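Report on the following structure.
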Number of protein chains: 2
Amino acid sequence: MPTKTYHIGVEATMEIIGGKWKSIILCHLRHQTMRTSELARAIPQISQKMLTQQLRELENADIVARHVYKQVPPKVEYSLTDYGESLSGILHELCVWGEDNIDRREAAGEEITLLSRDDV
Amino acid sequence: MPTKTYHIGVEATMEIIGGKWKSIILCHLRHQTMRTSELARAIPQISQKMLTQQLRELENADIVARHVYKQVPPKVEYSLTDYGESLSGILHELCVWGEDNIDRREAAGEEITLLSRDDV
DNA sequence: TCTAATAGTTACCTTTTGGTGGGTAGGGCA
DNA sequence: TGCCCTACCCACCAAAAGGTAACTATTAGA
C-alpha cells in the first residue's frame, strides 16, 4: 500500500470531521446516544443515504459506535466511542464559534437565522 | 434576499473553515503574516488558483486581511484579522488532534506519515 | 529589446460529493 | 393475505469542488 502522507495535523482532522454532514452528526451525538430515525429528525436536511454513509465513515474511523438490537422492526443506535469523545471539546467550540459568527453577521445586517442554539 | 438559515452553530463554522484548503491556510497564518509565495511554498500541494480563491473567501468572511504593497514585482501579504484570531485556539486543537490521530493510526499499523509537526 | 519576478485571472476539464427514487428484509398485526 | 415498521442498500443523475494550463500586468535590469 502506498504510504498516506499528511503535511500538517489539521489535514487529518478535516478528513475525519470535514464535509457537509459529519460535524453536524457528531455535535448531536455529543450529548446523547441516538437512533437512526432520531438523527434524521434532528437533521431534517440530510438524506437517508448521506446519513448512513457518513455514519459508516465515522464508524470506520472509530469515532462512532453502532449498536444493533436484534428485533423487528430494526433498532440501531449510534454513540461516540471513547476516542470520539476526545473530539467533544473541539465540537463544542466549533458550535459556539459558529453561533457567535451568526450573531456577528446578523448584527452586520445580514438576513440570517439560527434555528437552535442548544449546544451547551 | 432569502434569509440564510442554519440549524446548528457548527454549520456556519464549517462553511467558513471547511473544504480542503481553508483550515490549512489558517493554520499557517496563525503563526505569522505570510506572502502569497510563502504560503504556496508552505502548502506545496495547492494550486495558484485554489490558493487565491480560498484567500479571497477568507477575506470576505473577515478572517484574513490582505495587504498590498505598491511595488514591482508585486508584494501581497496575508494575516489573520482580529476576528480571525478568535479561531486560533480551535485551529491549534484541530492540528494537535490530527497529529494524535496520525500517531494512533500509525500505532495501529497503518502506513502513514506526517511531514511537519511544527504547530506549537 | 528581452527576460525575470510576483500575484492573479480565465477557460476548460475531472473528481468528488450529494440528491432522488427505487428496492430489500422480516416479524407484527388486521 | 397483505401491509406496516425501521434501517439500509443500490443505480442513476446533478451540482460543487478542485486541478491544469495558458494568459495578464508592471518595472527593473542584463
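In what follows, every chain begins at residue 1, and chains take the letters A, B, ... in the order their sequences are listed. Fair warning: this is a prediction, and the values are worked out from it, not measured in the lab.
- A salt bridge is absent between B/Arg41 and B/Glu38: the closest approach of a Lys/Arg side-chain nitrogen to an acidic carboxylate oxygen does not fall below 4.0 angstrom.
- Between B/Leu39 atom CG and C/dA7 atom C1' there is a gap of 12 Å when expressed in whole angstrom units.
- Between A/Gln45 and A/Trp21 the shortest side-chain heavy-atom distance falls below 4.5 Å.
- Contact annotation: B/Arg66 does not reach the phosphate of C/dA7 (side-chain N/O to OP1 or OP2, under 4.0 Å).
- Closest to the B/Val72 side chain, of the nucleotides D/dT27, C/dG26, C/dA7, is D/dT27.
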Output one letter per nucleotide in nucleotides 15-25 of chain C: B when a protein non-hydrogen atom lies under 4.0 Å from the base, S when only the sugar-phosphate is that close, - when neither is. ---BBB-----
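- Taking atom NZ on A/Lys70 and atom C1' on D/dT6, their separation rounds to 16 Å, with Å as the unit.
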Walk me through it: do B/Asn101 and A/Thr13 pass the test side chain to side chain contact (heavy atoms under 4.5 Å, CB included)? CA-CA 8 Å; B/Asn101 177 261; A/Thr13 307; 5.9 Å; no
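- The distance between atom NZ of B/Lys22 and atom P of D/dA16, rounded to the nearest whole Å, is 14 Å.
- Distance, A/Glu59 CD to D/dA7 P: 14 Å, rounded to whole Å.
- Residue A/Tyr69 places no side-chain N or O under 4.0 Å from the OP1 or OP2 atom of C/dG27.
- As a whole-Å value, the separation of B/Met34 CE from C/dT6 P is 15 Å.
- Rounded to an integer number of Å, the gap from OH of B/Tyr78 to C1' of C/dG8 is 9 Å.
- Rounded to an integer number of Å, the gap from A/Arg56 CZ to D/dC9 C1' is 10 Å.
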Hey, mind stepping through A/Ile17 and B/Met14 against side chain to side chain contact (heavy atoms under 4.5 Å, CB included) and telling me if it holds? CA-CA 10 Å; A/Ile17 67 165; B/Met14 281 302 160; 4.0 Å; yes
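- If you measure from atom CG of A/Leu55 to atom C1' of D/dC8, you get 11 Å, rounded to the nearest angstrom.
- Open room surrounds CG on A/Asp82; 12 or fewer heavy atoms of other groups in view lie less than 6.0 Å from it.
- Partners of B/Lys20 according to the side-chain contact (heavy atoms from CB on, under 4.5 Å) rule, which considers only residues two or more places apart in sequence or in another chain, do not exist here.
- Under 4.0 angstrom from either OP1 or OP2 of C/dT6 there lies no side-chain N or O belonging to B/Arg35.
- Using a 4.5 Å cut-off on side-chain heavy atoms (C-beta onward), B/Lys22 and B/Ile63 make no contact.
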